[in-house]
Amino acid sequence: METTIILLGLVAFIVLLVLVTGFRVVNQVERGVVFRLGRAQPQVRQPGLRVLIPLVDRMTKVNVQIVTMPVPTQEGITRDNVSVRVDAVVYFRVQDPMRASIEVQNYLFAIEQVAQTSLRNIIGKSELDDLLSNREELHRGLALMIDSPALGWGIHIDRVEIKDVQLPESMKRSMSRQAEAERERRARVIVADGELGAAQKLADASGIMAQTPGALQLRLLQTVVEVAAEKNSTLIMPLPVELLRFFDKATQTATTAAQQETAKELKDPPEGPRAVGESERPALDEGQRHAPEAAGTGQADVVAARTTSDVRSA
């Protein structure tokens with residue numbers, strides 16, 4: 001009786017052992033690789049309840065989720081001889097669980113070492129400006145360098161990104177001075193362009209005012225109105241040189257008109273008694289010519305001739 005109980009207990013233990021070791025659950029994010037007597041089975045176990053042969057099969061579970069692996073900070077010298085410290089991050093996942101379990105002993109450690117060496121190579125081949133501004137191309141190159149050996153391990157590199165670039169303090173100060181100089185240059189160019197545009201507009205406005213002098217007076221009155229709007233007790237009115245030139249030009253025009261009018265009056269005198277005397281001047285001249293001829297007749301004849309001429313002139 002006791003022997004039967006022992007046998008039944010032994011059978012129950014064996015059955016329980018089979019149940020415990022023969023049934024395995026594979027999660028959704030995992031894939032199972034079965035080794036039967038040390039030999040890998042070609043079929044990968046999918047998620048769900050799987051049955052194994054106790055004491056014969058051994059299953060290794062491989063996570064197929066995307067793994068985020070930070071790359072430790074690497075110090076290197078760029079191609080333009082600048083010492084920098086760069087850290088990055090790698091995103092990858094297991095694409096072939098069979099290769100990841102067989103081809104490499106520890107694929108996580110292997111990917112980390114490959115990422116570090118690849119990052120150092122990228123630092124040595126790149127310039128400082130590329131590390132700071134042209135990171136997209138560096139990301140693609142770094143991902144290609146890591147993906148080349150990882151592809152044979154059944155691992156797919158999703159993406160690689162450089163997180164931070166640490167520069168020496170002296171380099172930071174030099175770059176700050178360079179940035180300030182560049183900003184100053186741009187500011188001066190912008191100010192010069194503004195002055196050029198303003199000068200051009202002022203030249204156009206002065207041309208218009210030169211054609212219409214009244215516009216200058218209107219502008220002066222507008223300025224006075226703007227100044228008076230501030231409720232100032234003292235009002236200073238500037239007198240531009242152009243306004244003096246305007247008055248000078250107006251004066252010269254009036255003087256020229258008066259001179260032309262005077263010259264016209266002198267050229268065409270009005271009719272009157274003096275005009276009659278002028279018309280009789282040829283007769284007087286003729287009498288004066290005959291006077292010397294009659295000088296021998298006596299002094300009385302000369303006096304008589306002059307008297308007659310004076311009468312005619314009157």
Side-chain angles (χ1 to χ4, degrees), residues 28-31 33 40 44 60-190 192-193:
Q28 182 66 37
V29 298
E30 296 175 341
R31 298 295 183 268
V33 179
V44 178
T60 302
K61 297 179 181 179
V62 180
N63 194 325
V64 295
Q65 289 179 306
I66 294 178
V67 180
T68 303
M69 175 180 292
V71 181
T73 302
Q74 302 297 315
E75 184 175 359
I77 299 176
T78 60
R79 191 168 60 181
D80 50 354
N81 299 325
V82 178
S83 178
V84 295
R85 295 170 59 90
V86 182
D87 54 352
V89 59
V90 182
Y91 302 91
F92 66 94
R93 64 182 178 86
V94 177
Q95 189 174 16
D96 190 351
M98 185 69 68
R99 287 187 176 183
S101 301
I102 298 175
E103 299 295 336
V104 62
Q105 183 179 7
N106 187 350
Y107 65 89
L108 294 176
F109 181 76
I111 293 297
E112 182 180 1
Q113 296 303 314
V114 170
Q116 293 181 17
T117 55
S118 300
L119 183 58
R120 285 179 175 271
N121 293 334
I122 285 293
I123 293 174
K125 294 179 180 179
S126 304
E127 296 183 356
L128 181 60
D129 294 338
D130 296 334
L131 290 175
L132 296 177
S133 59
N134 192 17
R135 292 190 179 182
E136 293 297 331
E137 186 176 355
L138 295 180
H139 294 168
R140 291 192 293 268
L142 189 57
L144 182 60
M145 294 178 65
I146 300 175
D147 190 57
S148 297
L151 187 62
W153 303 336
I155 298 173
H156 172 70
I157 303 299
D158 190 21
R159 60 187 304 179
V160 182
E161 292 185 355
I162 297 175
K163 293 196 301 183
D164 188 21
V165 178
Q166 301 176 10
L167 301 175
E169 293 297 329
S170 59
M171 181 58 64
K172 290 182 180 179
R173 290 193 295 269
S174 300
M175 295 178 66
S176 299
R177 291 195 298 269
Q178 180 183 1
E180 291 177 0
E182 181 66 21
R183 293 292 181 181
E184 184 68 21
R185 183 187 67 83
R186 293 182 183 178
R188 291 184 179 181
V189 170
I190 293 174
D193 291 340

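Computation of the quantities below employed the complete heavy-atom set of this structure, encompassing side-chain atoms and omitting hydrogens, waters and symmetry-equivalent molecules.
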Problem - Approximate separation, where rounding is to 0.5 Å, of I162 CD1 and L138 CG - result: 5.0 Å

Problem - Separation between CD1 of I146 and CD of Q116, rounded to the nearest 0.5 Å - result: 10.0 Å

Handout entry: Note: E182-R185 ion pair, threshold 4.0 Å (strictly below)
Key = yes

Completion exercise
Closest non-hydrogen contact found for I155 with Y107 is CD1-CB, 3.4 Å

Handout entry: Which atom of V82 lies closest to which atom of L128, heavy atoms considered
Key = CG1-CD2, 4.0 Å

Practice task
Take M175 and L132 through the side chain to side chain contact (heavy atoms under 4.5 Å, CB included) test and state the conclusion after the steps.
Solution key: CA-CA 12 Å; M175 295 178 66; L132 296 177; 3.4 Å; yes

Completion exercise
Scanning both residues in full, the closest heavy-atom pair of V64 with R31 reads CG1-CG, 3.7 Å

Problem - Exam field: side chain N81 to backbone I77, donor-acceptor pair closer than 3.5 Å - result: no

Problem - Short side-chain to backbone donor-acceptor contact, R85 and V165, under 3.5 Å - result: no

Exercise for the section: Determine the minimum heavy-atom distance between P72 and L119, stating which atoms define it. Expected result: O-CD2, 4.5 Å

Exercise for the section: Indicate yes or no: at least one non-hydrogen side-chain atom of H139 is less than 4.5 angstrom from one of R159. Expected result: no

Problem - Donor-acceptor contact present, side-chain D87 to main-chain D164, <3.5 Å - result: yes

Exercise for the section: Check whether more than 12 heavy atoms from other residues, nucleotides or ligands sit under 6.0 Å from atom NZ of K163, and answer yes or no. Expected result: yes

Problem - Spacing of CZ belonging to R79 relative to CG belonging to L131, to within rounding of 0.5 Å - result: 10.5 Å

Can you give the donor-acceptor pairs under 3.5 Å from side chains of residues 89-101 to other protein atoms, not counting sequence neighbours?
{"residue": "D96", "atom": "OD1", "partner": "M98", "partner atom": "N", "Å": "3.3"}
{"residue": "S101", "atom": "OG", "partner": "P97", "partner atom": "O", "Å": "3.0"}

Exercise for the section: Check A40 against I102 and note the closest heavy-atom contact, atom names and distance. Expected result: CB-CD1, 3.8 Å

Fill in the blank from the handout: dist Q28:CD -> Q65:CD (nearest 0.5 Å) comes out at 10.0 Å

Problem - CD (Q113) with more than 12 external heavy atoms under 6.0 Å - result: yes

Problem - Side-chain donor/acceptor of E137 to backbone N/O of R135, under 3.5 Å - result: no

Problem - Separation of I123 CD1 from D130 CG (nearest 0.5 Å) - result: 12.5 Å

Exercise for the section: Please report the closest heavy-atom contact between E103 and G152, naming both atoms and the distance. Expected result: CG-O, 3.8 Å

Handout entry: S118 (side chain) donor-acceptor with A115 (main chain) under 3.5 angstrom
Key = no

Handout entry: Point-to-point distance, once rounded to the nearest 0.5 Å, from CD of Q166 to CE of M171
Key = 15.0 Å

